[in-house]
Participant: 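Here it is, the structure, as structure tokens.
Heavy atoms only: backbone and side chains are in, while hydrogens, waters and symmetry mates are out.
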Amino acid sequence: MEYSGVVPTDAPDPSIESDARLQSLPFPVFELKPQRALTRLPVAGFMEISGAAGRDEVSASFSYTLWRHPDDHADPRNEIELDEPTRRSLTEEPPWGRPAWLIAQVQAFRYPMLWEAVRTTWHASPGREGASLAEQLAAHTDHILRNRFRGELGLSTDPRADADGTGKPPAASASDASVEVDGEERPALCVDTDPFVYSIGFRVDEHVVCTAVIPRDALALVDLAVTRLSTPPQAPARTDSSDG
């Protein structure tokens, strides 16, 4: 997350609003099982698509700090290489000050991040185009590749160039797999053909899928088991007839 301009020292912590929104979602949300090598970032990502009948698609995603030496978070080997201007911007406090939550979030840029690694997606109409598990897994894989591996894929530095179709990564190919969900093995699909990421996903219920996309250079450190978010979301009744 990036912030521009001056943020008042009394600005509210955005994680409070994020948590409230997570609890209001009308479907269960999943995260990677808590583990020593990962710290979930406090603000979730949200996406919502609406149509004439109401919400068509809603997703929540989680990003994580990756600790390559989890026994000591202060170990400098955990940090990524930064140029001097970037490092200075992280360490020098502006004269107007910053709220404590922003100081903590800015410091996360010192470390490798699994960006939007886990995504839970709800579709009002599970039969619509793009709603199948295979399609959602491919879409999440494509999203991570477009945004985090542009250089490796030889893509333009300007994401706007993707609009003409020239920036699309190779199509993902899914195969059968299994994944641990809340301590039990569940049928899943995986994409194990991409050189930069490994992807896996499972269907939660008729309307919901969960997908995870992890950089291959982090796989040895990450347990791909997932668990329902520890704070249970509320489950309001769906509001339109297309929900099924």
Participant: Could you verify whether a donor N or O on one side chain and an acceptor N or O on the other, from Thr211 and Gln136, lie under 3.5 Å apart?
Facilitator: no
Participant: Checking Glu135 now: which residues fulfil side-chain hydrogen bond (donor to acceptor under 3.5 Å, both in side chains) with it, not counting sequence neighbours?
Facilitator: Ser132
Participant: Would you find a donor on one side and an acceptor on the other, under 3.5 Å apart, between the side chain of Arg119 and the backbone of Gly45?
Facilitator: no
Participant: How many angstroms lie between atom CG of Asp223 and atom CD of Gln35, to the nearest 0.5 angstrom?
Facilitator: 5.0 Å
Participant: Can you get from Phe62 to Phe46 by hopping between Ile, Leu, Val, Met, Phe, Trp and Tyr side chains that sit under 4.5 Å apart?
Facilitator: yes
Participant: So do Trp115 and His143 actually touch side chain to side chain, heavy atoms under 4.5 Å?
Facilitator: yes
Participant: State, with a plain yes or no, whether a side-chain heavy atom of Leu114 is found less than 4.5 Å away from one of Pro215.
Facilitator: yes
Participant: Measuring from His123:NE2 to Ser59:OG, what's the distance to the nearest 0.5 Å?
Facilitator: 8.5 Å
Participant: Walk me through it: do Met47 and Glu57 pass the test side chain to side chain contact (heavy atoms under 4.5 Å, CB included)?
Facilitator: CA-CA 8 Å; Met47 186 276 294; Glu57 180 179 338; 3.2 Å; yes
Participant: Please indicate whether Glu17 has more than 12 foreign heavy atoms, meaning atoms of other residues, nucleotides or ligands, lying under 6.0 Å from its CD.
Facilitator: no
Participant: For residues Tyr64 and Glu31, determine if any side-chain heavy atom of one lies less than 4.5 Å from a side-chain heavy atom of the other.
Facilitator: yes
Participant: Can you give me the closest heavy-atom contact between Arg40 and Leu229, atom names plus distance?
Facilitator: NH2-CD1, 3.4 Å
Participant: Is the CD atom of Glu84 crowded by more than 12 outside heavy atoms at less than 6.0 Å?
Facilitator: yes
Participant: Hydrophobic clustering (ILVMFWY, side-chain heavy atoms < 4.5 Å, transitive) - are Leu25 and Val226 grouped together?
Facilitator: yes
Participant: If you look at every heavy atom in Asp56 and Arg128, which pair is closest and at what distance?
Facilitator: CB-NH1, 3.4 Å
Participant: To the nearest 0.5 Å, how far apart are CZ in Arg148 and CG in Leu153?
Facilitator: 13.5 Å
Participant: Do the side chains of Met113 and Phe196 join up, straight or via other hydrophobic residues, at under 4.5 Å, putting them in one cluster?
Facilitator: yes
Participant: Is there a side-chain contact between Leu219 and Leu224, using heavy atoms and a 4.5 Å cut-off?
Facilitator: yes
Participant: For the residue pair Val191 and Ala174, what are the closest heavy atoms and their distance?
Facilitator: CG2-CA, 4.2 Å
Participant: Kindly say whether Ser24 contributes a backbone atom to a donor-acceptor pair with the side chain of Arg21 at under 3.5 angstrom?
Facilitator: no
Participant: Indicate yes or no: at least one non-hydrogen side-chain atom of Asp176 is less than 4.5 angstrom from one of Leu189.
Facilitator: yes
Participant: Between atom CG of Leu38 and atom CG of Leu66, what is the distance when rounded to the nearest 0.5 Å?
Facilitator: 6.0 Å
Participant: Just so I know, are the side chains of Val181 and Val204 near enough to count as touching, which here means a heavy-atom distance under 4.5 Å?
Facilitator: no
Participant: Nearest 0.5 angstrom please: Leu82 CG to Tyr111 OH, how far?
Facilitator: 10.0 Å
Participant: Can you get from Val118 to Leu22 by hopping between Ile, Leu, Val, Met, Phe, Trp and Tyr side chains that sit under 4.5 Å apart?
Facilitator: yes
Participant: Which pair of heavy atoms, one from Gln105 and one from Pro14, lies closest together, and at what distance?
Facilitator: NE2-CG, 4.0 Å
Participant: Quick one: closest heavy-atom pair of His207 and Asp205, and the distance?
Facilitator: N-OD1, 2.8 Å
Participant: Using side-chain contact (heavy atoms from CB on, under 4.5 Å) as the criterion, point out the one residue from Asp75, Ile80, Asn78 that pairs with Arg68.
Facilitator: Asn78
Participant: Have Thr193 and Ser173 got a donor and an acceptor in their side chains that come within less than 3.5 Å?
Facilitator: no
Participant: Using the rule that Ile, Leu, Val, Met, Phe, Trp and Tyr join whenever any side-chain heavy atoms are under 4.5 Å apart, tell me whether Leu155 and Val213 fall into a single cluster.
Facilitator: yes
Participant: Please determine whether a side-chain nitrogen of the Lys or Arg among Arg216 and Asp192 lies less than 4.0 Å from a carboxylate oxygen of the Asp or Glu.
Facilitator: yes
Participant: Can you check whether Val208 reaches Phe30 side chain to side chain, under 4.5 Å on heavy atoms?
Facilitator: no
Participant: Contact between Arg87 and Glu79 at the side-chain level, heavy atoms closer than 4.5 Å - yes or no?
Facilitator: yes
Participant: With a 3.5 Å distance limit and no angle check, can you tell me whether Ser18 reaches the backbone of Ala44 through a side-chain donor-acceptor pair?
Facilitator: yes
Participant: Tell me if a side-chain donor or acceptor on Ser63 pairs with a main-chain N or O of Glu116 at a distance below 3.5 Å.
Facilitator: yes
Participant: Tell me the closest heavy-atom pair linking Thr141 and Ser199, and the distance in Å.
Facilitator: OG1-OG, 2.7 Å
Participant: What distance do Phe27 atom CZ and Thr120 atom OG1 have between them, rounded to the nearest 0.5 Å?
Facilitator: 6.5 Å
Participant: Taking side-chain contact (heavy atoms from CB on, under 4.5 Å) as the definition, give me every residue that meets it alongside Ser175, ordered by chain and number, with sequence neighbours left out.
Facilitator: Cys190
